[in-house]
Amino acid sequence: MTLKIALILSFVLQFAAAIIAFSLTKRTRTNIAWWLISFGFLLMAIRRIFEFFQLSDPGSRLFTGMLSTWTGVLISVLMLGSLIFIKRIFNIQKRMDDLRKANESRVLSAIMRTEENERLNFAKELHDGLGPLLSSVKMAVSTAHTGNNNPQNKEVMIHAEKLIDESITSLKEISNKLSPHVLNNFGLKKAVKSFITHMAPVDNLNINFDSNLGEKRYPYNTEVVLYRVICELINNSLKHAEARNIYITLMDEADGIRLDYLDDGIGFDSKILDIGEKGMGFANIRSRIKSLKGTIEIYSVPNEGVRVNVKIEKS
């Protein structure tokens, strides 16, 4: 008796599952895999009816047993077919995800390429347009200074020459930061060394840079992204971390380029990166690395500095 009640309850539950499954077919856009699953639930309910009759009428056990067996076989076929179609759906979804990621990477690369072109054009305009004007002003002031015997005017002229020299130096620095000619002409390693060397002097700051890149050149986007990332990380250490030592390792390996960055600053709570708070420019850094299909890992604990590991796979 207990077994009969269990079979009746099982039939009701599976029949209810079949009804619910069929009611959801429109939401699945009548996907064939969902139809097969729905029919599988229905056949499971019918099979429970055959098993119930086997218990109620021993004389029909052979006939109902055969029906139950073939129903079970059909259920297996339907479930196998549904799994095959579901696997195809997952494969299509994976291809779509891969295509979306590739499109995102191309868009990011295009944006950054446009950004670098604009930087380059702006740097050329500053260097080629404003630079000669300042040089001409300096020549005019120098000429006026030479022919002026008034001590007070001489002092003014000397001060004006110094200001013009500082303006020319600042202009060159701005132009170089916008589009570093060292990077374009000599490669990533020399560009990073140049950036470190020409930084404004900072008391008690030691930057250690180790690299095996030599004079090897890489795709334009790779060099620009890694250069910008290193510059951004150093600026973060100077502005936010109060670091005294910075260690940068840039290595060419068999499977790609590896960048390891470490400072001994005040650090921060890494949770701010997960919840989208300020992040000290790390969102921009991540988007740059993502444009190269690279990986980045950021570790930090308050009062224990920051460690950043970047890997760019070779294409």
Side-chain angles (χ1 to χ4, degrees), residues 87-120 177-180 182-193 195 209-237 246-263 268 270-300 306-315:
K87 182 180 179 181
R88 288 180 59 186
I89 293 171
F90 286 156
N91 290 337
I92 294 172
Q93 188 176 34
K94 184 178 182 301
R95 287 198 296 269
M96 291 179 66
D97 289 339
D98 292 341
L99 182 62
R100 177 180 54 79
K101 290 178 181 178
N103 287 336
E104 287 179 356
S105 178
R106 283 195 291 268
V107 170
L108 286 172
S109 295
I111 291 173
M112 290 181 185
R113 183 76 185 200
T114 302
E115 178 186 341
E116 291 301 324
N117 288 337
E118 290 301 317
R119 286 174 179 264
L120 178 61
K177 287 180 180 178
L178 284 171
S179 183
V182 178
L183 179 63
N184 296 328
N185 297 331
F186 300 104
L188 182 58
K189 181 179 179 179
K190 288 188 176 181
V192 174
K193 279 188 173 182
F195 178 81
F209 177 57
D210 183 29
S211 176
N212 68 346
L213 300 189
E215 298 182 359
K216 188 174 180 179
R217 301 304 304 267
Y218 300 90
Y220 176 81
N221 279 359
T222 301
E223 290 189 340
V224 168
V225 166
L226 287 174
Y227 177 78
R228 299 293 182 198
V229 166
I230 292 172
C231 294
E232 182 73 23
L233 289 172
I234 293 175
N235 285 331
N236 280 345
S237 295
I246 296 175
Y247 303 90
I248 304 171
T249 303
L250 187 61
M251 293 292 174
D252 181 274
E253 299 179 338
D255 56 347
I257 304 175
R258 176 175 57 86
L259 167 64
D260 296 322
Y261 182 93
L262 177 69
D263 73 30
F268 59 90
S270 297
K271 291 180 180 178
I272 67 173
L273 301 177
D274 299 326
I275 62 179
E277 293 187 9
K278 54 184 180 180
M280 297 180 296
F282 282 115
N284 186 40
I285 290 174
R286 278 176 164 166
S287 66
R288 288 181 179 275
I289 298 301
K290 185 178 179 181
S291 72
L292 298 178
K293 298 181 180 179
T295 59
I296 179 170
E297 297 175 337
I298 303 168
Y299 307 93
S300 185
V306 176
R307 177 160 60 94
V308 180
N309 302 121
V310 174
K311 188 64 178 287
I312 306 297
E313 301 290 339
K314 286 185 177 178
S315 55

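Just so it is clear, the structure is predicted and the values come from calculations on it, not from any experiment.
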Participant: Quick one: side chain to side chain donor-acceptor pair (under 3.5 Å) partners of Asn212, sequence neighbours excluded?
Facilitator: none

Participant: Run the side chain to side chain contact (heavy atoms under 4.5 Å, CB included) test on Leu188 and Leu183 for me, step by step, so that the C-alpha distance in whole Å, both residues' side-chain angles and the decisive distance to 0.1 Å come before the verdict.
Facilitator: CA-CA 6 Å; Leu188 182 58; Leu183 179 63; 4.2 Å; yes

Participant: For Tyr218, does the OH atom sit with more than 12 other heavy atoms under 6.0 Å from it, leaving out its own atoms?
Facilitator: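 Atom OH in Tyr218 is crowded, with more than 12 foreign heavy atoms closer than 6.0 Å.
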
Participant: For Asn235, which residues count as a side chain to side chain donor-acceptor pair (under 3.5 Å) partner, sequence neighbours excluded?
Facilitator: none

Participant: Could I get the full list of salt bridge (charged side-chain N to carboxylate O under 4.0 Å, His left out) partners for Lys311, not counting sequence neighbours?
Facilitator: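 In terms of salt bridge (charged side-chain N to carboxylate O under 4.0 Å, His left out), with neighbours along the sequence ignored, Lys311 is linked to Glu253, Asp255.
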
Participant: Among Val225, Val224, Val229, which one satisfies side-chain contact (heavy atoms from CB on, under 4.5 Å) with Leu292?
Facilitator: Val225

Participant: Between Tyr261 and Leu233, is there a donor-acceptor pair closer than 3.5 Å when you use the side chain of the first and the backbone of the second?
Facilitator: yes

Participant: Evaluate the side chain to side chain contact (heavy atoms under 4.5 Å, CB included) criterion for residues Phe195 and Ile234: first the C-alpha distance (whole Å), next the side-chain angles of each, then the deciding distance (0.1 Å), finally the verdict.
Facilitator: CA-CA 10 Å; Phe195 178 81; Ile234 293 175; 3.9 Å; yes

Participant: For Leu250 and Phe209: C-alpha separation, side-chain torsions, deciding distance, then whether side chain to side chain contact (heavy atoms under 4.5 Å, CB included) applies.
Facilitator: CA-CA 8 Å; Leu250 187 61; Phe209 177 57; 4.0 Å; yes

Participant: According to side-chain contact (heavy atoms from CB on, under 4.5 Å), who are the partners of Ile296, at least two apart in sequence or on a separate chain?
Facilitator: Ile285, Arg286, Ile289, Ile298, Val308, Val310

Participant: State which residues pass side-chain contact (heavy atoms from CB on, under 4.5 Å) with Asp97; sequence neighbours excluded, sorted by chain then number.
Facilitator: Gln93, Arg100

Participant: Please identify each residue that fulfils side-chain contact (heavy atoms from CB on, under 4.5 Å) with Ser300, with sequence neighbours left out.
Facilitator: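 Listed in chain order: Phe268, Ser270, Val306.
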
Participant: Sequence neighbours left out, what passes side chain to side chain donor-acceptor pair (under 3.5 Å) with Glu297? Give chain and number order.
Facilitator: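 With neighbours one apart ignored, the set is Tyr299.
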
Participant: Quick one: salt bridge (charged side-chain N to carboxylate O under 4.0 Å, His left out) partners of Arg217, sequence neighbours excluded?
Facilitator: Glu223

Participant: In chain order, what residues pass the salt bridge (charged side-chain N to carboxylate O under 4.0 Å, His left out) check against Lys193, with sequence neighbours excluded?
Facilitator: none

Participant: Any chance you could measure Asp252, atom CG, to Ile312, atom CD1, to the nearest 0.5 Å?
Facilitator: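 Reported value, rounded in 0.5 Å steps: 12.5 Å.
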
Participant: So how far is it from Leu99 CG to Lys94 NZ, rounded to the nearest 0.5 Å?
Facilitator: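 Here the interatomic distance stands at 12.0 Å.
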
